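Everything on this sheet refers to the single structure shown next.
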Amino acid sequence: MTTDSSLSGSLPRVRAAQPADSGRPRKPRPWGQIASQLFLISASVLWLLPILFALYIALRPYSETTKYGYVSLPHSLTLKNFSDAWSTSGMPHFFWNSVLITVPAVVIVLALASGVAFVLTRVDVKINVALLIVFTAGNLLPQQVIITPLYRLYLLIPLPSFLSGSGLMYNSITGLVAVNVAFQLGFCVFVLSNYMKSIPEEMYEAALVDGAGLWTRFWRLTVPLCRPALAALATLLTTWIYNDFFWAITLMSSGDKRPVTSALANLQGQFVSNQNLIAAAAMIAAVPTLVVYILLQKQFIAGLSLGSSKG
Amino acid sequence: MSSATDTQVPAAAPAKARRRRGLRRLSGRDRVVVALLLGIPLLLDLAFVWFPALATVFLSFTKWNGVGGLHTKTCLPNVPSILNNGCLYGIQNYHQAVTIYPEFWPAVRHNLIWLAVFVLFATPLGMLFAVLIDRGIKGSRMYQSILFLPVMLSLALIGIIWEFMYSQNLGLINTVIGRNGNSNAIDWLGNPHLNLWAVLVEATWRQAGYVMVLYLAGLKAVDPTLREAAVVDGANAWQTFWRVVFPVMRPINVVIMVVTVIESLRAFDLVYITNKGINGLELLSVLVTSNIVGETQRVGFGSALGVVLLVISLVPICIFLFQTFRRESREGPS
């Protein structure tokens, strides 16, 4: 199918409706400008303060904070808390759990959701809108609405031992992947189907004339065109699934299988006498999402607005 | 070349008529593709989201400790509960929740306070941030990044980070206001009259940034000619915003309303990491969880609390779905 590549190459790139940033000619009056600046500066200070304070505690030796308290000028700063938190608490292990949950979950959600979105926007299955509603509404339910039966269900479903040490969905990484996939599907189907609607029908007609089957139209034509939306969703999903706390707390009984964000709750108990170590562990656990944010801020925010402004 | 002639719809035909291809016109192979692409995710969604959601409703009418099976016999009065296990309990769970369960009404009140703080403080604050940043003042990009930062952190982490601010003797807040002595220190997170408000500061700290970004996206989508027209007509900034910009952002306002209600019903992580959601921090979500994963499993009772959450959350969900899909169902698939 050489026609496919030339097809997508020759057509204008489809983008999500990203209205041009309108330069507002109007300049606010000077006193308004000053007031806005002052307000935003003080808000920014307030917003950074808790994070910077935790970072400061993490950087100070334990002996110093016990002697002078957290709120005191530093005599020395050290990275030792970070290395101690990393080596004495099994953080590498919990990070690995997070990777084992987050990476497959993100990949599977995006793969499944693009398939659903494609079918619902391009094939008339008669109940397209109803199915779209089923997926979208599922994502809006509070998790606690479904946790009781889900918990029982997880205790009933057996898994082969290579997928779960416990032999059950309950207390297995596979189980956490499954629930994250099922729960996030709705949001991704909603966003991707909105996005796919903006692909001009003419492209599909051209592909049809070339004899492209449905799979080809999906995999070789639609998915490549959705790359920007998929990238935006991938950043959002990575953050959400990595940050998950509720599923990991309720569907996992043993602490050593939990991802890093919920394992922190246990570390809190373990390090209860050494708050500097807790601060350091918390800062380490925040690194992946902060890296995602700093590197992919544009995609992240694009993802959020794809889900909202097109409503 | 029958397939080629098939697709040659006259150019004059309305675009809608050729937009979607019915299942009947698909080849056998294409039908398999449809079945797989749609079937697997649908099965997953039904099995792990919708089946549990409906099962919650069913379980809420039973009395069950999670051991042994469920059956269709009605619970007998005045027998030991072990004999009644798994029976149909009617609306007894709901009745007990509202009459004799001591945590129920405090939890409802806390959820309502949570919602009120989100509606009255977090949302307007986020909107204010967005409007100021959208005016393109100096450093707006930096402000946006900083104010959005908490949204990237997991709520469990936020709880841990703020504990250093609130810590009774060593925390930043008590030290700054001079209340860190052992005798007169304020126990922000331990005092049941204070801790909900303390945690709500953390929640607002995060939520405002979230609302800000959603609202910024909405503001960017507003047609700039509308503003220009308003300015030409002599409207000031305030009038332009309330009379012109705010009304055309109806879709985004609905999204923010839905997010606000759902997030306040979902609230769990912050109170759980702070003190396991007891002693002043009870929320419906915590009660559901503690009734099913605690040592004494009251599956039916926990489900009844879950149904309360379900019923409340259906209101914003329906509003959102109606707003979003009204247009599409009117057009309908061709």
Side-chain angles (χ1 to χ4, degrees), chain A residues 19 22 24 28 33 36 40 44 47-48 50 53-54 57 69-71 112 115-116 119 123-125 128-129 133 135 137-138 140-142 144-146 148-151 178-179 182 185 201 208-209 213-215 239 243 245-246 250 261 264-265 282 285-286 289-290 293 301 304-305 308-309 311, chain B residues 4 7 20 22 30 33-34 37-38 41 44-45 48-49 52-53 55-56 132 135 137 143 146-147 152-154 156-157 160-162 164-165 170 172 175 213-214 217-218 220-221 224 251-252 255 262 265-266 268-269 273 285 288 292-293 302-303 306 309-310 313 317 321 324-325 328-329 333:
Chain A
S22 55
R24 310 256 147 61
Q33 178 109 355
S36 309
L40 285 175
S44 298
W47 254 243
L48 279 177
F53 186 57
I57 292 170
Y70 302 152
V71 193
L112 295 181
V116 175
V119 171
V123 182
D124 182 13
V125 288
N128 304 52
V129 176
I133 287 175
F135 279 104
L140 293 173
L141 294 172
Q144 291 82 13
V145 167
I146 63 173
T148 310
L150 197 65
Y151 176 82
V179 71
L185 257 179
E201 181 64 19
L208 258 180
V209 170
L214 198 66
W215 176 257
T239 314
N243 281 343
F245 181 73
F246 183 71
T250 48
T261 36
L264 274 177
T289 47
L290 293 183
Y293 181 48
I301 289 173
L304 279 180
S305 30
S308 58
S309 59
Chain B
T7 54
R20 289 205 173 105
D30 285 352
V33 171
V34 168
L37 288 185
L38 188 59
L44 205 63
D45 197 52
F48 291 123
V49 178
T56 298
L132 291 180
R135 287 164 73 100
I137 65 174
Y143 296 132
I146 292 172
L147 296 171
M152 297 302 294
L153 301 175
S154 103
L157 264 177
I160 292 173
I161 288 173
W162 274 86
F164 301 117
M165 302 288 288
L170 301 167
L172 188 62
T175 308
V213 166
L214 293 177
K220 287 226 169 73
I252 204 83
V255 167
I262 300 279
L265 291 174
R266 271 182 189 172
F268 173 85
D269 307 23
I273 199 92
S285 60
V288 174
I292 60 136
V293 291
S303 301
L309 274 182
L310 174 66
S313 60
I317 291 175
L321 293 175
T324 309
F325 294 107
E328 278 179 55
S329 48

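All of these numbers come straight from a predicted model, not from anything done at the bench. The sequence lines fix the lettering, A, B, ..., with proteins before strands; numbering per chain opens at 1.
Proximity to chain A (any heavy atom under 4.5 Å) is shown, for B:Ser285, by both the backbone and the side chain. Using a 4.5 Å cut-off between heavy atoms, A:Leu150 touches chain B through backbone and side chain atoms alike. The contact between A:Val116 and chain B is made by backbone and side chain atoms together, counting heavy-atom distances below 4.5 Å. Within the 4.5 angstrom heavy-atom criterion, only side-chain atoms of B:Ser313, from C-beta onward, approach chain A. Both the backbone and the side chain of A:Leu140 come within less than 4.5 Å of a heavy atom of chain B. Both the backbone and the side chain of A:Phe245 come within contact range of chain B, each with at least one heavy atom under 4.5 Å from a heavy atom of that chain. Contact annotation for B:Val213: only side-chain heavy atoms (C-beta onward) come within less than 4.5 Å of a heavy atom of chain A. Interface remark: B:Leu321 contributes side-chain atoms only to the contact with chain A (heavy atom separation under 4.5 Å).
The candidate from B:Ile161, B:Leu147, B:Ile273 with the greatest count of non-hydrogen atom pairs under 4.5 Å with chain A is B:Leu147. Between chain B and the residues A:Pro50, A:Ala182, A:Ala54, A:Ala285, the largest count of heavy-atom pairs under 4.5 Å involves A:Pro50. Of the listed residues B:Leu44, B:Val33, B:Leu172, the one with more heavy-atom pairs under 4.5 angstrom with chain A than any other is B:Leu172. With respect to chain A, the highest number of heavy-atom pairs below 4.5 Å among B:Ser303, B:Ala55, B:Ala53, B:Pro41 belongs to B:Pro41. Put simply, of A:Gly115, A:Pro149, A:Gly138, A:Pro142, the one with the most heavy-atom pairs under 4.5 Å next to chain B is A:Pro149. The most heavy-atom pairs under 4.5 Å with chain A, out of B:Ile160, B:Leu265, B:Leu309, come from B:Ile160. Interface check for chain B: of the options A:Ala265, A:Gly213, A:Ala137, the most heavy-atom pairs under 4.5 Å are formed by A:Ala137.
Here the closest heavy-atom approach between residue B:Val49 and residue A:Ile146 is recorded as O-CG2, 3.4 Å. Considering all non-hydrogen atoms of both residues, B:Arg266 and A:Gln144 come closest at O-NE2, 3.6 Å. For the pair B:Ile252 and B:Leu214, the tightest heavy-atom approach, listed with the atom from each and the gap, is CD1-O, 3.3 Å.
Not counting sequence neighbours, the partners of B:Phe268 by the ring-ring contact (aromatic ring centres under 6.0 Å, His included) test are A:Phe246, B:Tyr272. Scanning for side-chain contact (heavy atoms from CB on, under 4.5 Å) contacts around A:Thr289 gives A:Thr239, A:Tyr242, A:Asn243, B:Met152, with sequence neighbours left out.
Remark: side-chain polar atoms of A:Ser36 are not paired, donor with acceptor, to backbone N or O of B:Leu132 under 3.5 angstrom.
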### Query
Under the side-chain contact (heavy atoms from CB on, under 4.5 Å) criterion, do A:Trp215 and B:Leu37 qualify, and how do the steps go?
CA-CA 9 Å; A:Trp215 176 257; B:Leu37 288 185; 3.9 Å; yes
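Side-chain contact check for B:Leu153 versus A:Leu290: some heavy-atom pair is nearer than 4.5 Å. Counting heavy atoms from C-beta outward, B:Val34 and B:Asp30 have side chains that stay 4.5 Å or more apart.
Between the CD1 atom in B:Ile146 and the CH2 atom in A:Trp47 there is a gap of 12.0 Å [rounded to 0.5 Å].
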